[in-house]
Amino acid sequence: MHKRNLFLCASLLVVALVAGCGGGSSSDVPPAPSGGPAGGPTFDMSKATGTVSGKISFEGTPPPNDKIQMGADPYCAMHAADNPTAETVKVSDGGLENVIVFVSTGLPAGTSYAPGPAVEINQQSCHYIPHVFTLMTNQPLNVKNSDATLHNIHVMAEKNPQFNVAQAVQNIVSNTQFKLPEVPVAIRCDVHKWMGAFVGIFDHPFHTVSKPGGAFELKLPPGTYEITAWHEKFGKKTMMVEVKDNDKKETNFSFNANDKAAD
């Protein structure tokens, strides 16, 4: 009997040691440190010494944005009265806002890039803020509802799993991230059909969105790149740029009302 008890105690000790040393759940495994290819060297952003900047111009008269009908939701009708139209085309000082500008070719293969801190998209006054934004693969995305009404954010990805979450409580925050690059990705609210946004998901950090007046800036390492400018209504334009160490290159794009995005 004594020997049997000793054997039982020894067996329980072995089980405890195995569980303590190697039996953790998958949530204990740290996430991938970068958004780029696994196993490649992580890029040092201090080497991005070149600057490519410019303006996204709009030629001619901008087309009017669609008017929004909010009567079905009294909360939206009251709180979004200052924004009665869609945000598809925003032009100021001759420059086009909300254009995604990014490196589309030219980056060295096999390099990893560390994703930045979390990015937030907010549902405020029954609009998405920001209307257009970018982030990296594996970079956290925080989805917030600042409104005291129901929203349902639906990230309509094709390469990544779709994110479709209802948020009925004011100031609730949901979190997600995406594993694969995908540009562009439409975002919709299944409750309020006028609410829309776009996100560009990249496996590198060399991307931005044009500001009011159409200004943009990219910090790049030396190299020769194809730069793409994409707008939800007017499609995309591309340009080749050679960047040397500490270069400052001006690169301008132009859109007009006859430009059309591909279906």
Side-chain angles (χ1 to χ4, degrees), residues 25-43 45 48 87 98-124 127-146 151-167 172-192 195-210 216 218-220 225-232 235-236 261-263:
S25 67
S26 59
S27 62
D28 296 326
V29 179
S34 70
T42 301
F43 180 76
M45 285 300 293
E87 301 172 90
N98 289 331
V99 177
I100 298 178
V101 185
F102 60 98
V103 171
S104 43
T105 64
L107 293 172
T111 302
S112 293
Y113 303 93
V119 173
E120 180 179 273
I121 181 171
N122 190 8
Q123 295 152 114
Q124 185 173 356
H127 285 73
Y128 284 122
I129 300 174
H131 177 64
V132 178
F133 65 102
T134 61
L135 76 164
M136 276 187 63
T137 50
N138 298 318
Q139 185 172 7
L141 174 63
N142 296 337
V143 180
K144 183 177 181 179
N145 181 10
S146 290
H151 289 302
N152 188 96
I153 186 164
H154 189 174
V155 181
M156 304 176 73
E158 296 181 0
K159 297 179 181 179
N160 290 281
Q162 294 198 4
F163 180 75
N164 191 359
V165 174
Q167 294 182 316
I172 190 174
V173 178
S174 303
N175 314 102
T176 190
Q177 58 184 223
F178 305 96
K179 301 298 182 183
L180 299 174
E182 189 172 354
V183 186
V185 179
I187 300 174
R188 296 288 182 263
C189 176
D190 291 337
V191 179
H192 307 104
M195 289 180 62
F198 288 91
V199 59
I201 305 167
F202 301 90
D203 58 3
H204 62 76
F206 308 114
H207 47 83
T208 189
V209 176
S210 63
F216 74 91
L218 293 171
K219 300 293 290 186
L220 299 173
Y225 305 103
E226 179 186 71
I227 308 295
T228 295
W230 176 90
H231 185 268
E232 61 181 284
K236 68 178 182 178
D263 293 333

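- Each of T134, I100, V101 was evaluated against T208; a single residue qualifies, V101, per the side-chain contact (heavy atoms from CB on, under 4.5 Å) test.
- Between D190 atom CG and M195 atom CE the span is 10.5 Å, to the nearest 0.5 Å.
- The aromatic rings of Y113 and H204 sit perpendicular to each other, their planes meeting at more than 60°, with 30° as the lower class boundary.
- T105 and V103 make their closest contact through O-CG1, 3.5 Å (heavy atoms, listed as atom of the first residue, atom of the second, distance).
- Judged purely by atom type and a 3.5 angstrom limit, N160 uses its side chain to pair as donor or acceptor with the backbone of L180.
- For Q162 (side chain) and M156 (main-chain N/O), no donor-acceptor pair under 3.5 Å exists by modelled atom type.
- Taking each heavy atom of S174 and V165 in turn, the nearest pair found is OG-CG1, 3.8 Å.
- Put simply, the side chain of N152 gets close to the backbone of A166: a donor and an acceptor are under 3.5 Å apart.
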Where do V119 and N142 land on the side-chain contact (heavy atoms from CB on, under 4.5 Å) test, with the steps shown first? CA-CA 6 Å; V119 173; N142 296 337; over 6 Å; no
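- Under the 3.5 Å distance criterion, the side-chain polar atoms of S210 are matched with a main-chain donor or acceptor of N98.
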Please determine whether side-chain contact (heavy atoms from CB on, under 4.5 Å) holds for the pair L135 and I201, giving the CA-CA distance in whole Å, both sets of side-chain angles, and the decisive distance to 0.1 Å. CA-CA 5 Å; L135 76 164; I201 305 167; 4.0 Å; yes
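- Rounding to the nearest 0.5 Å places CD of E120 at 10.0 Å from CZ of F133.
- Separating the CG atom in N175 from the CG atom in L141 is a distance of 8.5 Å, to the nearest 0.5 Å.
- Stacking of R188 on the aromatic ring of F163 is not recorded, the 6.0 Å distance cut-off and the 45° axial limit not both being met.
- Between F206 and Y225, the ring center distance fails the sub-6.0 Å criterion.
- The distance from atom CE of M136 to atom NE2 of H207, rounded to the nearest 0.5 Å, is 6.0 Å.
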Step by step, would you call V173 with V143 a side-chain contact (heavy atoms from CB on, under 4.5 Å)? CA-CA 5 Å; V173 178; V143 180; 5.9 Å; no
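- Of the inter-residue distances, the one linking L220 atom CG with M45 atom CE reads 8.5 Å to the nearest 0.5 angstrom.
- Within the 4.5 Å cutoff, side-chain heavy atoms of I121 are placed close to those of I153.
- For K236, the NZ atom counts as loosely surrounded, since its 6.0 Å shell holds 12 or fewer non-hydrogen atoms of other residues, nucleotides or ligands.
- Shortest non-hydrogen contact noted between F178 and P161 is CE2-O, 4.3 Å.
- Atom SG in C189 sits 8.5 Å away from atom CG in N145 (nearest 0.5 Å).
- P140 and G116 get closest at one heavy-atom pair: CD-O, 4.1 Å.
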Before giving the answer on side-chain contact (heavy atoms from CB on, under 4.5 Å), spell out for I187 and H154 the whole-Å C-alpha distance, their side-chain angles and the decisive distance to 0.1 Å. CA-CA 6 Å; I187 300 174; H154 189 174; over 6 Å; no
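- Pairing each heavy atom of F43 with each of A48, the nearest pair is CZ-N, 4.1 Å.
- Across all their heavy atoms, P41 and G110 have their closest contact at CD-O, 3.3 Å.
- Checked against the 6.0 Å centroid threshold, F102 and W230 do not count as a close aromatic pair.
- In this structure, the side chain of N138 does not engage the main chain of K179 through any donor-acceptor pair within 3.5 Å.
- Shown are K144, Q123, H151; of these, the side chain to side chain donor-acceptor pair (under 3.5 Å) with Q167 is made only by Q123.
- In this structure, the side chain of Q139 does not engage the main chain of Q177 through any donor-acceptor pair within 3.5 Å.
- A donor-acceptor pair is defined here as one N or O able to donate and one able to accept, closer than 3.5 Å; no such pair exists between the side chain of E226 and the backbone of S104.
- Checking T137 against D203 by side-chain atom types alone, no donor-acceptor pair falls below 3.5 Å.
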